[in-house]
Asks: 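Dropping a structure here in structure tokens format, bear with me for questions.
Each chain gets a letter, A, B and so on, in the order its sequence line appears, and its residues count up from 1. Any value given below was found using the heavy atoms of this structure, including those in side chains, with hydrogens, waters and symmetry copies removed.
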Number of protein chains: 2
Amino acid sequence: MSIRRQAIEAGAPPGVSCRECALQAICLPAHLPSEEARALEAAVQRGRQLRPGVTLVRAGEPMGALFVVRSGSAKRYSVTLGGGEQVHGFVLPGEAIGLEGFASGRYTCEVSALEPLSYCRVPIRKLEQLLERLPGLRHEILRLLGQALDESQRLRGELAQSDARGRVAHFLADLSHRLARRGLSPTEFRLSMSRADIARHLGLTLETVSRALGTFKREGWLRVRARDISVLQPDALAALGGGIA
Amino acid sequence: MSIRRQAIEAGAPPGVSCRECALQAICLPAHLPSEEARALEAAVQRGRQLRPGVTLVRAGEPMGALFVVRSGSAKRYSVTLGGGEQVHGFVLPGEAIGLEGFASGRYTCEVSALEPLSYCRVPIRKLEQLLERLPGLRHEILRLLGQALDESQRLRGELAQSDARGRVAHFLADLSHRLARRGLSPTEFRLSMSRADIARHLGLTLETVSRALGTFKREGWLRVRARDISVLQPDALAALGGGIA
DNA sequence: ATCAGTACTTGACATGGATCAAGTTTTGCA
DNA sequence: TGCAAAACTTGATCCATGTCAAGTACTGAT
């Protein structure tokens, strides 16, 4: 806890404004009129880089802030009664962390870094003040929540309807799509999460995930070497995965 | 479409104010200071009762309003490429419809009545105006969205981790819990949805749902007669279902 | 560079749930 | 009230995926 406190610098260093950020096009301020973006930026704190494995928010903790990933990636999960992990998803740069906290004022899942993770932090107090006078931000926060809800439902549908290969294909196609939006290669990437994490996310076992990747490889859809993925036939994956928008 | 338009009366008839509504304790205005509740109420339109099978909102349609069920129940679903239904969930009195619309300004799933359905309607335009000046309402809408998100994730975890009996147990325990919050019996109720709907919601086949109910019956946890359910051992269900808060 | 620990792959086998196929009950309508 | 259609239950079979067990390939530390 004290580690996390230390990790946060008070206020935004002038050199790293949102306007200069690589994520400009997809991050929170992207859809805001410029004077709202400026007001938001003044409230944003920039966190120091976290090392892999470090937890950014814990379930049950009061919701002090909304976070946005600046670089790296993170895993959202909750711990079941049996001590197992339910992996809710993976967070990429420009994506928000902590939205479910609005439900009760406390976070309901854990988020920990998979790679070195840097992030921005918007204190809830400030956010609420800003919401009072920035209609664009109000709209944007609602949009973000609606989107998260919609995605969660869509993914649940996918889980309910697809077999193992379909789920893994969907996972890869979704990841590929999200990477592309960030200007990264949709065909060459490195998975930051383990097979076990993927499995727990998709409701499968790690062996089944491994086998699914194996068959995709054999069919010539992928090249797989440990966590490095090359997508050779994106269409085949997308078709099996049930269509990513 | 014209049917739906006709079904909506302009303004709230004086006799059915929120203060007199049976759902007072759990509905949207429940957590609002009274002057905010009054302002909200002035914006609420009351829809005429819809007959079972009638669709309240359609996927792709612009989000004109947020709805709240007053009585009856509804099914939220989307239609897949193959023409099948993915059932996202069931809506009970006091619960909101259309929240995912905030994502893009359009509804992303269909909602249709399972029983005779009456509802309230909050036009989005009015809602946005109110959000500008009612901090309590702002908070409440965020809470609602956060809650929906959290529930969706939790349910997905349940799907990913439980077997067929666990899912059906969870479904019943959840329903029981939600009915209780509405002042209805948590142990004696009538399912408004078909086995097929339950199955599509849980990612199972209707045969498997039927068999799960059969085993619960045999174990003495339930009495089942068609759609009438008596819960004899709520604890057993809750335990299998993985714990409902 | 080597080694130990972890992550991953692959194989054999068991099983829960899907599928196919009757039968039975319930419901809505005449 | 009775009939037809829909909803549901029950049974038999098969297959995908979980489980258990080895073996291989990374990765990071010394």
Side-chain angles (χ1 to χ4, degrees), chain A residues 51-53 75 82 84-87 90 113-116 158-172 190-219 221-230 240, chain B residues 51-54 75 82 84-87 113-116 158-172 190-219 221-230 240:
Chain A
R51 304 174 61 189
K75 171 172 73 161
E85 279 183 13
Q86 277 185 354
V87 177
F90 305 101
L114 289 168
E115 304 170 278
E158 196 58 37
L159 274 197
Q161 296 217 327
S162 307
D163 63 2
R165 286 168 24 112
R167 293 183 204 182
V168 176
H170 184 272
F171 168 74
L172 290 172
R190 160 168 281 257
L191 299 173
S192 58
M193 68 296 287
S194 70
R195 303 285 193 268
D197 286 335
I198 299 172
R200 283 187 292 257
H201 177 49
L202 300 177
L204 300 169
T205 59
L206 67 93
E207 291 95 329
T208 301
V209 171
S210 181
R211 276 187 252 266
L213 291 174
T215 66
F216 295 161
K217 199 160 86 174
R218 231 166 295 123
E219 308 207 26
W221 298 1
L222 294 181
R223 284 202 313 138
V224 182
R225 210 199 126 230
R227 293 191 178 183
D228 290 312
I229 304 284
S230 307
L240 224 193
Chain B
R51 305 172 62 187
V54 173
K75 173 172 72 162
E85 278 182 14
Q86 277 185 353
V87 176
L114 289 167
E115 302 171 279
E158 195 57 37
L159 274 197
Q161 296 215 328
S162 309
D163 63 2
R165 286 169 23 114
R167 294 184 204 182
V168 175
H170 183 272
F171 168 73
L172 290 172
R190 159 168 280 257
L191 300 172
S192 58
M193 69 295 287
S194 70
R195 302 286 193 268
D197 286 335
I198 298 172
R200 283 187 293 255
H201 177 49
L202 300 177
L204 301 168
T205 57
L206 67 94
E207 291 96 329
T208 300
V209 171
S210 181
R211 275 188 252 267
L213 291 174
T215 66
F216 295 161
K217 198 161 86 175
R218 232 167 294 124
E219 309 207 25
W221 299 359
L222 294 181
R223 285 203 311 138
V224 182
R225 212 200 124 230
R227 294 191 178 180
D228 291 311
I229 304 284
S230 307
L240 224 193

Asks: Salt bridge or not between A:R195 and A:E207? Use side-chain N to carboxylate O under 4.0 Å.
Replies: no
Asks: Can you pull out the residues from residues 203-213 of chain A that lie within a 4.0 Å heavy-atom distance of DNA chain D?
Replies: A:G203, A:L204, A:T205, A:E207, A:T208, A:R211
Asks: Whole angstroms only, please: what is the CZ-P distance between A:R167 and D:dT17?
Replies: 8 Å
Asks: Set out, line by line, the N/O atom pairs under 3.5 Å between protein and nucleotides 23-30 of chain D.
Replies:
none

Asks: Take the protein atom NZ of A:K217 and the nucleotide atom P of C:dC8, then report the distance between them rounded to whole Å.
Replies: 13 Å
Asks: Looking at A:E158, is its backbone amide N or carbonyl O close enough to the side chain of A:S162 to form a donor-acceptor pair, meaning the two atoms are under 3.5 Å apart?
Replies: yes
Asks: What's the CG-P distance between A:L240 and D:dA16, to the nearest Å?
Replies: 13 Å
Asks: Between A:T208 (side chain) and A:L204 (backbone), is there a donor-acceptor pair under 3.5 Å?
Replies: no
Asks: Taking atom C1' of D:dC8 as reference, at what distance in whole Å does atom CG of B:D197 sit?
Replies: 13 Å
Asks: Rounded to whole angstroms, how far apart are CZ on B:R218 and P on D:dT10?
Replies: 7 Å
Asks: Could you check how far CD1 of B:I229 sits from P of D:dC8, rounded to whole Å?
Replies: 11 Å
Asks: For a side chain to side chain contact (heavy atoms under 4.5 Å, CB included) check, start with the C-alpha distance between B:E85 and B:K75, then their side-chain angles and the critical distance, and finish with the verdict.
Replies: CA-CA 11 Å; B:E85 278 182 14; B:K75 173 172 72 162; 2.9 Å; yes
Asks: Distance-only, no hydrogens or angles: does the A:T215 side chain make a donor-acceptor pair with backbone N or O of A:A212 under 3.5 Å?
Replies: yes
Asks: When the distance from CZ of B:R195 to P of C:dT27 is rounded to whole Å, what number comes out?
Replies: 11 Å
Asks: Determine, for B:E219 against B:R165, whether the closest basic-nitrogen to carboxylate-oxygen distance falls under 4.0 angstrom.
Replies: yes
Asks: Is B:R167 reaching over with its side chain to a backbone N or O of B:L159, donor-acceptor style, under 3.5 angstrom?
Replies: yes
Asks: Where does the angle between the aromatic ring planes of B:F216 and B:W221 fall among parallel (under 30°), tilted (30 to 60°) and perpendicular (over 60°)?
Replies: parallel
Asks: Over how many whole Å does the gap from B:I198 atom CD1 to D:dT9 atom C1' extend?
Replies: 14 Å
Asks: Would you indicate whether the side-chain heavy atoms of B:I198 and B:L191 approach each other to under 4.5 Å?
Replies: yes
